[in-house]
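Note that this is a predicted model, so its numbers are computed, not measured.
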Amino acid sequence: MTDTNTTVNVFDPRIYTQGIPHETYRWLRDHDPVHWQEEHEVGDWPAGPGFWAVARHADVVRVLRTPTEYSSWLGATQIRDPDPADLSFIRRTMLNLDPPDHGRLRRIVSGVFTAGRIERFTTGIAARARLLVDEIAERGECDLPVDVTDDYPIHNLADLLGIPSADRGQILEWTNRVIGYQDPEHATVVHGPDGKPANPRSPAMLSDMFEYAHSLAAYKRRNPAGDVMTALATAEVDGQRLTDPELSMFFFVLVIAGNDTVRSALPGGMLALLDHPDQHRRLLDQPELLDSAIEEMLRWHPPVLSFRRTAVRDTVLAGRRIAAGDKVVVFHGAANFDERQFPDPMRFDIARRPNDHISFGDGPHVCLGSHFARLQLRVFYRELLWRLPDVELAGPPVRLVSNFIGGIKHLPMCYTPVPRQ
């Protein structure tokens, strides 16, 4: 690669259907770690102004930890610019706030999303994992996302939030609409009067979700329970409750991020094991390595591929001059394989320590639900791996068309049938 403007492309969502573009990321880390990326037209989606793509671990961490230089609020956190008319609305979510405003909402949700409250759901999570594995165990084959891992985090999250069973299918529809908008299998493109596609995170496209959130919160205030939605609907910090718009945006973040992170990580981690049979066998022989194996799976297959910030002022990053207002996009998959941070990063090692991956972010926006995500991963793998020890790939994986989420839509597997427990 010599002409960086024409041969390097880490923007096009279709690239990621082949997995992490390791060769491109490595070239960027070595030769152009803060690279100006053109933002070309893709399908119905128009071209954008371009952005700085950040590839090295240390630079990614600096961007994520320095909101005074790289803001979540100015332009929100998705690569594509929102419609200016929607920006004030999109800025209400905690993901798109900077300190100190971010801190108030973070304190509220931190007081709600406690380890103790999450751990109380462990028994139900374990029962659900057992049931889902039971349903495929006798068949000798399955498509892991379709048959198992699309449902598992949805129902776990719904239990945590207190969403009635009858409404849980709606979570998958909302998630596919928001996360899968670049993927022809999931996308439902709605064009506005100007002929441009509507942003799936715009008020118009999220109105049904917000109406549901308001209705659920009102119900929880009348009928309080031990779930997170009850706690959010009644929580106060400094004598203030969440406003209705803040509660709606919390619901949006929890439903979308809380579901799709695990939904992507589970088959991604399984694929990493199946692609490395020596490490798969090692884990079966040494189950005490499960926690470190999960961290290596997360490093190898980050469920979130990228996040955007906007430069607050003129600054310099890795020798590049960045102008105020420029988009700055960090790439987790590039950072997680940075040779400067990880010895022999292309070696999948379930005992790797330390393992400073950034798959759950860093800085003030580090994922609040990471404990819940790790719990679900640990419970699920413990149930599946030793029940189906000879599992193998039965066909190629099919990945989501997205430059944001490292989703796997299909992962066919085969194994010796075993009876239900």
Is the ring pair H276/W300 parallel, tilted or perpendicular, if the boundaries are 30 and 60 degrees?
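The arrangement is perpendicular - the two ring planes meet at more than 60°.
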Is the H22 ring parallel, tilted or perpendicular to the F337 ring (thresholds 30°, 60°)?
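Plane angle over 60°, so perpendicular.
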So does A55 get a backbone contact from the side chain of R29, meaning a donor-acceptor N/O pair under 3.5 Å?
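No: the side chain of R29 does not pair with the backbone of A55.
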Checking Y16 side chain against V10 main chain: does a donor-acceptor pair fall under 3.5 Å?
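Such a contact is found between Y16 side chain and V10 backbone.
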For R309 and S72, what are the C-alpha separation, side-chain angles and deciding distance, and is it a side chain to side chain donor-acceptor pair (under 3.5 Å)?
CA-CA 5 Å; R309 299 291 189 264; S72 300; 3.1 Å; yes
Whether the [X] and [Y] side chains hold a donor-acceptor pair (N or O, under 3.5 Å, no angle test) is what I'd like checked.
X	Y	answer
S306	N403	no
H357	N336	no
D227	T230	yes
T175	D260	no

Closest heavy-atom pair and its distance - [X], [Y]:
X	Y	value
L161	K220	O-CE, 4.2 Å
H332	I358	ND1-O, 3.6 Å
A217	A233	O-CB, 3.9 Å
A126	V379	CA-CG1, 3.4 Å

Chi angles and distances behind the salt bridge (Lys or Arg N to Asp or Glu O under 4.0 Å) call for D208, R177
CA-CA 12 Å; D208 58 338; R177 185 196 311 171; 2.9 Å; yes
Indicate, with yes or no, if the rings of F307 and F331 have centres closer together than 6.0 Å.
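No.
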Distance (rounded to the nearest 0.5 Å) between D159 CG and R128 CZ:
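That separation rounds to 4.5 Å.
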F251 side, atom CZ; F210 side, atom CZ - distance, nearest 0.5 Å
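Here the rounded value is 10.0 Å.
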Side chain to side chain donor-acceptor pair (under 3.5 Å) between N156 and Q376: does it pass, once the steps are laid out?
CA-CA 8 Å; N156 292 336; Q376 293 179 78; 3.0 Å; yes
Side chains of H57 and V61 in contact at under 4.5 Å (non-hydrogen atoms)
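H57 vs V61: side chains touch.
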Give a yes/no verdict on a cation-pi contact between R299 and F342, requiring under 6.0 Å between NZ or CZ and the six-membered ring centre and an angle within 45° of the axis.
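Judged by the rule, R299 and F342 form a cation-pi pair.
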Under 4.0 Å between a side-chain nitrogen and a carboxylate oxygen: does that hold for R308 and D81?
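Looking at R308 and D81, the cut-off is met.
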